[in-house]
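See structure below.
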Amino acid sequence: MVPRSNRTTGFRLVAVSVGPLAALVLTGCSVDAKSAEPAVKTFPFTGRTLNVKTHEIPADLVATDRKDIKVTRWFDAKSGKKKLRWELTGQTLDLEAGCTGLAICDARFKVEVPRGVTVLRDGAKTDLNGGAKPTPNGGAKTASHDGAKTAPHSKDHTPA
C-alpha cells in the first residue's frame, strides 16, 4: 500500500502541471468579435416604439436618418454549437448570438434605428448613444434631427 502522503504529492504534481497547460490552451483559443467579418440585415419598420432584446450581448443603439432598421452583427466562435438569431416580430427586435456546450465565442451588435422611434433595451427606455445599460429614470433625453440633446416635449420623441 502506498503511503497517503505519496498519493497526495502525486495528485498535487498532476494538478500543478495540468492547470498551466489548461490556461495555455484556453488563451490560445480566444476570440474577439471586433475582428470578425460583419454581417448586415435590414428590417422594414413603421412603428413608433422598438424594443430591442439583447440577451446581455453588447449592442450599440444609434439614431440615424434611415426609414428601416439596420442591424450589423460581429460574431466569432472557435468551439461550441452556434446559436444565431436576429428577427423583428411586431415592435420587438430579438438579437441573439452565442454558443452552447463547451464554447468559446464572442458577439456584438450595432442597431441603427430611424429618428423619431422610441427605443427600449430589454423593456427599459435607453439612450441611443451605443451604451449597454438603460438610462436612469427611464431616459429623459431626446435627439433632435441634428443629433443635439434636448428636453422631451412629448412621449413620441426619440431618446438620445
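The figures that follow rest on heavy atoms only: side chains count, while hydrogens, waters and symmetry mates do not.
- Shown here are the side-chain contact (heavy atoms from CB on, under 4.5 Å) partners of Thr72, two or more places apart in sequence or in another chain: Pro38, Val40, Lys70, Trp74, Lys110.
- Annotation: Lys81, atom NZ; neighbour count of heavy atoms from other residues, nucleotides and ligands within 6.0 Å does not exceed 12.
- In the hydrophobic clustering, Phe75 connects to Leu84, either directly or through intervening members, whenever side-chain heavy atoms lie under 4.5 Å apart.
- For Leu50, the side-chain contact (heavy atoms from CB on, under 4.5 Å) partners are Phe45, Val52, Ile69, Leu88, Leu93, Val113, Val117, not counting sequence neighbours.
- In this structure, Asn51 and Gln91 have side chains that are not in contact, with every pair of non-hydrogen atoms separated by 4.5 Å or more.
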Practice prompt. Quick one: do Asp60 and Val111 satisfy side-chain contact (heavy atoms from CB on, under 4.5 Å)? Show the steps, please.
Written response: CA-CA 6 Å; Asp60 294 331; Val111 180; over 6 Å; no

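- Taken from CZ in Arg108 to CG in Asp76, the straight-line distance is 12.0 Å, to the nearest 0.5 Å.
- Minimum heavy-atom separation, Pro44 to Asp68: CA-CB, 4.2 Å.
- Proximity of Thr42 to Val71: side-chain heavy atoms (C-beta onward) are nowhere separated by under 4.5 Å.
- Rounding to the nearest 0.5 angstrom, the gap separating the CD1 atom in Ile104 from the NZ atom in Lys78 is 9.0 Å.
- Listed here is the closest heavy atom pair of Lys53 and Asp122: CA-OD1, 3.1 Å.
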Distance-only check: which donor-acceptor pairs under 3.5 Å involve side-chain atoms of residues 94-102, not counting sequence neighbours?
{"from": "Asp94", "atom 1": "OD1", "to": "His55", "atom 2": "NE2", "distance (Å)": "2.6"}
{"from": "Asp94", "atom 1": "OD2", "to": "Arg85", "atom 2": "NH1", "distance (Å)": "3.4"}
{"from": "Asp94", "atom 1": "OD2", "to": "Arg85", "atom 2": "NH2", "distance (Å)": "3.1"}
{"from": "Glu96", "atom 1": "OE1", "to": "Arg85", "atom 2": "NH2", "distance (Å)": "2.5"}
{"from": "Glu96", "atom 1": "OE2", "to": "Lys83", "atom 2": "NZ", "distance (Å)": "3.4"}

Fill in: side-chain contact (heavy atoms from CB on, under 4.5 Å) between Thr64 and Arg115, worked out
CA-CA 6 Å; Thr64 63; Arg115 294 188 196 283; 5.6 Å; no

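- Apart from Leu120 itself, the hydrophobic cluster it occupies contains nothing, where clustering links Ile, Leu, Val, Met, Phe, Trp and Tyr at side-chain heavy-atom distances under 4.5 Å.
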